[in-house]
Visitor: 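Sending over a structure as structure tokens; questions will come in a sec.
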2 protein chains.
Amino acid sequence: MSRPPIAKEKIIDAYASMLCDDGERAATIEATAAKAGVSKGGLLYHFASKEALALGVIEALHAIVKQDLELMASAPEGPARYFVRTSTLVGSELDRLFLAVLRLAQTGHEPSIEALELVHSSWLDQIRTEVKDQYAAQTIMLIGEGLYYQSSMPGPWSRGTFGKDLDHLLDQVERLKNGS
Amino acid sequence: MSRPPIAKEKIIDAYASMLCDDGERAATIEATAAKAGVSKGGLLYHFASKEALALGVIEALHAIVKQDLELMASAPEGPARYFVRTSTLVGSELDRLFLAVLRLAQTGHEPSIEALELVHSSWLDQIRTEVKDQYAAQTIMLIGEGLYYQSSMPGPWSRGTFGKDLDHLLDQVERLKNGS
DNA sequence: GTCTATATGTGGATAGAC
DNA sequence: GTCTATCCACATATAGAC
């Protein structure tokens, strides 16, 4: 577990990337295998079916979210600012895995839906340790999720819109935190 | 144009619904035809290809957004509140068409990406007529888009999370509008 | 562990009857 | 305008060689 085969990781990564960039339909076993540099049969040795592949991505998401929650809890700037700031970090491994599972969830894939609900709750719980007003906390979550929505889009207004405006956005968050 | 064939509307509606609920892969011509109550050949008479079907959904989105912008401009509560409030109206025709085009955009479909950029700009422009601080305006857009993100998810925390908390959310928006 | 070959199903699109 | 029948391409998954 601590040293998983390299091939498995490369396959997960390729599948997640294709889900994000091209959608669920384009993320076929064949295309994933090609991107990971293995054959179809080679992929199916590690993941016996497409469903197994999806579950592999979910597992990888949970692992990295667990790390992120620890960083979030101990962030000097506080969980809320940490959450919003890191929501703009498109292209990170967490970002890619999250969006990949989101794509699966959007097809009605139950395990993915449950995974995202769990992740959402975990983040909200962390924010509420800092932001006592539950409505302010929910609004901050919405801002972060709005950023994810934008990062899930190709095109100019998704990647980097908030690059240099991030400070201003964080000011808005500060106002929500401190306000009544 | 003012009286389009009933079949065409039913087909557009069926395709949009399937895109939202089941994703782009499940929204096949065959499944769309079945849901619309016509045969595959019957559908292909009205829309010669899947691409034509996608363009039909985009056209329908632009038509309904145009209506919405007029309502938004003349809303007594102001564009910002109107935008956030109506972002929670999952299941409306605008909502379904918007999410349908979003699904297409997420596959890299260029016409859909361009359509969403146009819609996004239109809404932001409206909000900025009321909210002069551009960062507050952007933050309000993020909240609305966070709501869309949530509404794009199946499961309990998407549909109706903000049903009775909407007033509190609108209070947060009010603070963003007036503050700074 | 990784490959090729193949069986089976399904999607997109055309042709042509009604 | 709507249908059925059909062709072709491709996706999933299995079998079995190396």
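Below, read A as the first sequence line, B as the second, and so on, with proteins coming before strands; counting in each chain starts at 1.
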Visitor: Given D:dT12, is OP1 or OP2 found less than 4.0 Å from the side-chain N or O atoms of B:R25?
Guide: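 For B:R25, the contact criterion (side-chain N or O under 4.0 Å from OP1 or OP2 of D:dT12) is met.
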
Visitor: Compute whether any side-chain donor of one residue and acceptor of the other, for A:E145 and A:H120, lie under 3.5 angstrom apart.
Guide: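 A:E145 vs A:H120: donor-acceptor pair found between side chains.
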
Visitor: Scan A:I58, A:T107, A:L102, A:V57 and name whichever one has a side-chain contact (heavy atoms from CB on, under 4.5 Å) with A:S112.
Guide: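 The option that passes is A:I58.
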
Visitor: Between D:dT2, C:dC3, C:dG1, which nucleotide has the shortest distance from any of its atoms to the side chain of B:H46?
Guide: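 My answer, after comparing the listed nucleotides, is D:dT2.
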
Visitor: By nearest atom, which of the nucleotides C:dG12, D:dT2, C:dA13 is closest to the B:A7 side chain?
Guide: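 Of all the options, the side chain of B:A7 is nearest to D:dT2.
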
Visitor: How many whole angstroms separate atom CZ of B:F47 from atom C1' of D:dT2?
Guide: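 Going from CZ in B:F47 over to C1' in D:dT2 covers 15 Å.
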
Visitor: Are OP1 or OP2 of C:dG1 and a side-chain N or O of A:Y45 less than 4.0 angstrom apart?
Guide: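 Yes, because at least one side-chain N or O of A:Y45 sits under 4.0 Å from OP1 or OP2 of C:dG1.
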
Visitor: Under 4.0 Å between any heavy atoms, over every strand shown, what does A:K50 touch: base, sugar-phosphate, or nothing? Just pick one.
Guide: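 Sugar-phosphate contact only.
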
Visitor: Could you tell me how far apart A:L43 (CG) and C:dT4 (P) are, to the nearest whole angstrom?
Guide: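 In whole Å, C:dT4 P lies 14 Å from A:L43 CG.
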
Visitor: So, B:D68 versus B:Y82: side-chain donor-acceptor pair below 3.5 Å or not?
Guide: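 A pair is found: one side chain offers a donor N or O, the other an acceptor, under 3.5 Å apart.
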
Visitor: Which is more 5' along DNA chain C, the nucleotide nearest B:G41 or the one nearest A:K40? Just name the residue.
Guide: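 Looking at the nearest nucleotide for each, A:K40 comes out on the 5' side.
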
Visitor: Separation of A:K8 atom NZ from C:dG1 atom C1', in whole Å?
Guide: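 My rounded result for the distance is 13 Å.
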
Visitor: Reckon A:I29 touches a base, only the sugar-phosphate, or nothing at all at heavy-atom distances under 4.0 Å?
Guide: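 A:I29: backbone/sugar contact only, no base atoms under 4.0 Å.
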
Visitor: Flag the pair A:R103 and A:E24 as a salt bridge only when some basic side-chain nitrogen lies within less than 4.0 angstrom of an acidic carboxylate oxygen.
Guide: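 No salt bridge links A:R103 with A:E24.
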
Visitor: With the side chain of A:S39 defined as its heavy atoms from C-beta on, choose the nearest nucleotide among C:dC3, D:dA13, C:dT2.
Guide: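 Of the options given, the side chain of A:S39 lies nearest C:dC3.
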
Visitor: Taking atom C1' of D:dA11 as reference, at what distance in whole Å does atom CD of A:E51 sit?
Guide: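 Interatomic distance, CD of A:E51 to C1' of D:dA11: 16 Å.
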
Visitor: Specify the separation, in whole Å, of atom CG of B:L44 and atom P of C:dG12.
Guide: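 The distance from CG of B:L44 to P of C:dG12 comes to 9 Å, rounded to the nearest Å.
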
Visitor: Take atom CD of B:E30 and atom P of C:dG9, then tell me their distance rounded to the nearest Å.
Guide: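 Value for this atom pair: 15 Å.
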
Visitor: For the side chain of B:S49, starting at C-beta, report the closest nucleotide among C:dA13, D:dG1, C:dG12.
Guide: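 Nearest nucleotide to the side chain: C:dA13.
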
Visitor: Is any NZ, NE, NH1 or NH2 atom of the basic residue among A:E93 and A:R96 found under 4.0 Å from an Asp or Glu carboxylate oxygen of the other?
Guide: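 Not counted as a salt bridge, because no side-chain N and carboxylate O are separated by less than 4.0 Å.
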
